[in-house]
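The structure's right below; bear with me while I get my questions together.
What you see is a predicted model; the values in this text were computed from it and never measured. All residue numbers refer to positions in the sequence shown, counting from 1.
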Amino acid sequence: MENLENEKNVDVSELTFEMTKRIRQYMKGLIEHGGSDLHIKANAQVRARINGDIVTVTKEKITKEESLILAKEMLRRRFAEFVDKKEIDFLYVYDEKIRFRGNMFFQMDGVSAVFRVIPVDILTIDELELPATLHKLTDKSRGLVLVTGVTGSGKSTTLAALIDEINRKHRKHIITIEDPIEFVHKDQKCLINQRSIGQDSLSFANALRSALREDPDIILVGEMRDLETIDTALHAAETGHLVFSTLHTLDAKETINRIISVFPAEDQNRVRNTLASVLEGVISQRLVKTVDGKKTAAVEVLLNTSFIQKLILEGRDMEIKEALDDGTQIYGTQSFDTALLKLYQKGKISIQEALRHASSPSDLKLRIEGLDGNISASHSSEGPFVPENDSDIFALKED
């Protein structure tokens, strides 16, 4: 935005925090309606993501000036950093039980912000209804465990559950490297050091290299964003550490391809060999709508069995999906389609939702027809009532 250089240094004593108070009211409505994200945009109405859909929650608009004031109130002395970088991640503490991961950025009409709800309480693997085989990964002493999926698929929540279980079961030193820190872990049996990029370190690569000299047993890297971070993470796993991280990939097969393809062609055989050796598991998630209008995770699980290792080494990635289903009974692995089939069998999701998210819709349809005989008699696809746009569905009340 123009003419902000003279406003970069914010005097906190001059702020009234009236805009923050107003946004907190919208946050309260978001929480009460079970939403996940609050969207603020200059010269636009406030919107929220509820049951997976973006809905307008009030008729009033946030002006360009108000959006700038909100940025100053929430960022305070980091406002200068925001002006310089044009976007910024931060945490906002709503109360003792709820925090928000915030991202502010400049766009053509002014400032926009997105606030993602983060509960303070960390749910367990069982409470999240994740596959029971994930418990095995918390007992590993070395290797690489990846949690993958699109933005908003619950990767951070799953990682938090894994780290929390380790914290309750084992005596280890855990270092987390995040941008920003979302779930705060208190020392239980483990010693946990959590580092935030920007505040505690300049980059993931720097923090990860430093972590190797800090006597860790377990390292959590919030995201493997570039070649250097991926290479260092593989090295950490190779040298006896247990490394957890995330990637924005759709399934286990794509995850393996993504890691290898990041490297130059002459290094890819070496990386494939290393990955086959150190990979312990890939947990890939997709959030799907349940028949009662809520969300649940469909989870593909890869564990690095001897056969999976052979497939990776030989570049037979296209066979991984079938291998996951073949190993369901013995190892607890499963493909996305099997995860969706199980959710359908339990009556949690409709056929339409299952097929919408399936890797192979035609194959899954045949499997369901084999169970039902007639898919037209299956669960209704109708979800909950979703408010129309321009509805004041967040009744603004004093905090």
- prompt: Should the pair Glu178-Arg101 be classified as a salt bridge under the 4.0 Å nitrogen-to-oxygen rule?
  reply: no
- prompt: Quick one: does NZ or CZ of Arg225 land under 6.0 Å from the six-membered ring centre of Phe204, within 45 degrees of the ring axis?
  reply: no
query: Are Glu223 and Asp179 side-chain neighbours, meaning at least one heavy-atom pair lies under 4.5 Å?
result: no
query: Any chance CZ of Arg270 has more than 12 other-residue heavy atoms, nucleotides or ligands included, within less than 6.0 Å?
result: yes
- prompt: So, His185 versus Gln194: side-chain donor-acceptor pair below 3.5 Å or not?
  reply: no
query: Does the side chain of Leu324 reach to within under 4.5 Å of the side chain of Gln334, using non-hydrogen atoms?
result: no
query: Crowded around Asp267 CG? As in, over 12 foreign heavy atoms under 6.0 Å?
result: yes
message: Under a 3.5 Å distance rule, please check whether His241 uses its side chain to pair with a backbone N or O of Ala236 as donor and acceptor.
response: yes
query: Are the side chain of His170 and the backbone N or O of Ser141 linked by a donor-acceptor pair below 3.5 Å?
result: no
query: Between the side chain of Asp317 and the main-chain N/O of Lys253, is any donor-acceptor distance below 3.5 Å?
result: no
- request: For the residue pair Phe79 and Leu68, establish whether any side-chain heavy-atom pair is separated by less than 4.5 Å.
  value: yes
message: Quick check against the 3.5 Å criterion: does Asp217 have a side-chain atom that pairs as donor or acceptor with the backbone of His173?
response: yes
- request: List the steps and the verdict of side-chain contact (heavy atoms from CB on, under 4.5 Å) for Thr148 and Leu250.
  value: CA-CA 7 Å; Thr148 81; Leu250 292 177; over 6 Å; no
message: Taking salt bridge (charged side-chain N to carboxylate O under 4.0 Å, His left out) as the definition, give me every residue that meets it alongside Asp251, ordered by chain and number, with sequence neighbours left out.
response: none
query: Are Ile88 and Leu38 co-members of a hydrophobic cluster defined by side-chain heavy atoms under 4.5 Å apart?
result: yes
query: Other hydrophobic cluster members with Val114, side-chain heavy atoms of Ile/Leu/Val/Met/Phe/Trp/Tyr under 4.5 Å, chained?
result: Phe105
message: Quick check: do Leu275 and Leu144 have side-chain heavy atoms less than 4.5 Å from each other?
response: yes
query: Can any side-chain N or O of Arg47 pair as donor or acceptor with the backbone N or O of His39 at less than 3.5 Å?
result: no
query: How many angstroms lie between atom OG1 of Thr20 and atom CD of Gln25, to the nearest 0.5 angstrom?
result: 11.5 Å
- prompt: Say you draw a straight line from CE of Met19 to CD of Glu65; how long is it, rounded to the nearest 0.5 Å?
  reply: 11.0 Å
- request: With sequence neighbours excluded, tell me which residues meet salt bridge (charged side-chain N to carboxylate O under 4.0 Å, His left out) with Asp363.
  value: none
Val221 backbone acceptor or donor facing Ser245 side chain under 3.5 Å: yes
- prompt: Cluster question for you: counting only ILVMFWY and a side-chain heavy-atom cut-off of under 4.5 Å, with indirect links fine, are Ile197 and Phe82 together?
  reply: no
task: Looking only at non-hydrogen atoms, find the nearest pair between Ala42 and Gly110 and report the distance.
output: CB-CA, 3.9 Å
message: Taking NZ in Lys41 as the centre, count heavy atoms belonging to other residues, nucleotides or ligands within less than 6.0 Å. Is the count above 12?
response: no
query: Between Ile118 and Leu91, is any pair of side-chain heavy atoms under 4.5 Å apart?
result: yes
query: Taking Gln285 for the side chain and Ser153 for the main chain, is one N or O donor matched with an acceptor at less than 3.5 Å?
result: yes
- prompt: Rounded to the nearest 0.5 Å, how far does CZ of Phe336 lie from OG of Ser284?
  reply: 5.0 Å
query: Checking Asp337 side chain against Ser359 main chain: does a donor-acceptor pair fall under 3.5 Å?
result: yes
message: Looking at Asp89 and Arg116, is there a salt bridge between them, counting it only when a charged N and a carboxylate O are closer than 4.0 Å?
response: no
field: Cluster overlap Phe307 with Ile256, hydrophobic side-chain contacts below 4.5 Å
entry: yes
- line: Note: with side-chain heavy atoms under 4.5 Å as the link, the other cluster members for Val145 come out as Leu123, Ile125, Leu128, Leu130, Leu134, Leu137, Val147, Leu159, Leu162, Ile163, Ile166, Ile174, Ile192, Ile218, Leu220, Leu242, Phe244, Ile283, Val299, Val301, Leu303
- prompt: Going only through I, L, V, M, F, W and Y residues with side-chain contacts under 4.5 Å, is there a path from Val282 to Leu234?
  reply: yes
task: Using salt bridge (charged side-chain N to carboxylate O under 4.0 Å, His left out) as the criterion, list what pairs up with Glu314, not counting sequence neighbours.
output: Lys310, Arg316
- request: Quick one: do Val120 and Glu96 satisfy side-chain contact (heavy atoms from CB on, under 4.5 Å)? Show the steps, please.
  value: CA-CA 7 Å; Val120 171; Glu96 67 277 4; over 6 Å; no
task: In sequence, state the C-alpha distance, the side-chain angles, and the governing distance for Lys348 and Glu129, and then conclude on salt bridge (charged side-chain N to carboxylate O under 4.0 Å, His left out).
output: CA-CA 12 Å; Lys348 297 193 72 171; Glu129 298 184 335; 2.5 Å; yes
- request: Might you work through the side-chain contact (heavy atoms from CB on, under 4.5 Å) test for Val57 and Val55, ending with a clear yes or no?
  value: CA-CA 6 Å; Val57 299; Val55 296; 4.1 Å; yes
query: Considering residues at least two apart in sequence or located in another chain, which fulfil the side-chain contact (heavy atoms from CB on, under 4.5 Å) criterion with Lys189?
result: Arg171
message: A side-chain contact here means heavy atoms from C-beta on lying under 4.5 Å apart; do Lys289 and Lys294 qualify?
response: no
- prompt: Does a side-chain N-to-carboxylate-O contact under 4.0 Å join Glu73 and Arg22?
  reply: no
field: Donor-acceptor contact present, side-chain Lys155 to main-chain Gly149, <3.5 Å
entry: yes
- request: Using distance alone, with no hydrogens and no angle criterion, decide if Asp126 and Thr124 have a side-chain donor and acceptor under 3.5 Å apart.
  value: no
message: If only side-chain N and O atoms count, and only distance matters, is there a donor-acceptor pair under 3.5 Å linking Asn206 with Ser201?
response: no
- request: Please examine the side chains of Asp109 and Ser67, heavy atoms only from C-beta on, and report whether any two atoms are closer than 4.5 Å.
  value: no
- prompt: Hey, is the main chain of Asn43 close enough, under 3.5 Å, to the side chain of Thr63 for a donor-acceptor pair?
  reply: no
field: Gap separating the OG atom of Ser36 from the NZ atom of Lys295, nearest 0.5 angstrom
entry: 8.0 Å
- request: For Lys136 and Glu280, run side-chain contact (heavy atoms from CB on, under 4.5 Å): C-alpha distance rounded to whole Å, both residues' side-chain angles, the deciding distance at 0.1 Å, then the answer.
  value: CA-CA 10 Å; Lys136 299 177 184 178; Glu280 287 292 348; over 6 Å; no
Beyond-backbone contact of Leu212 with Thr232, side-chain heavy atoms, under 4.5 angstrom: yes
message: Within this structure, what is the CG-CE distance for the pair Leu75 and Met104, rounded to the nearest 0.5 Å?
response: 5.0 Å
- prompt: Got a sec: does the CD of Glu127 have more than 12 other heavy atoms crowding it under 6.0 Å?
  reply: yes
message: Using a 6.0 Å cut-off, check whether atom CD of Glu322 has over 12 heavy atoms from anything other than its own residue.
response: no
query: Around atom NE2 of His248, are there more than 12 heavy atoms of other residues, nucleotides or ligands at under 6.0 Å?
result: yes
message: Does the plane of the ring in Tyr92 sit parallel, tilted or perpendicular to the ring in Phe115? Use 30° and 60° as the thresholds.
response: perpendicular
field: Hphob cluster co-occupancy, Val271 + Leu247, side-chain heavy atoms under 4.5 angstrom
entry: yes
field: Donor-acceptor side-chain pairing of Asn51 and His33 below 3.5 angstrom
entry: no
message: Measuring from atom CG of Leu313 to atom CD1 of Ile308, what distance do you get when rounded to the nearest 0.5 angstrom?
response: 11.5 Å
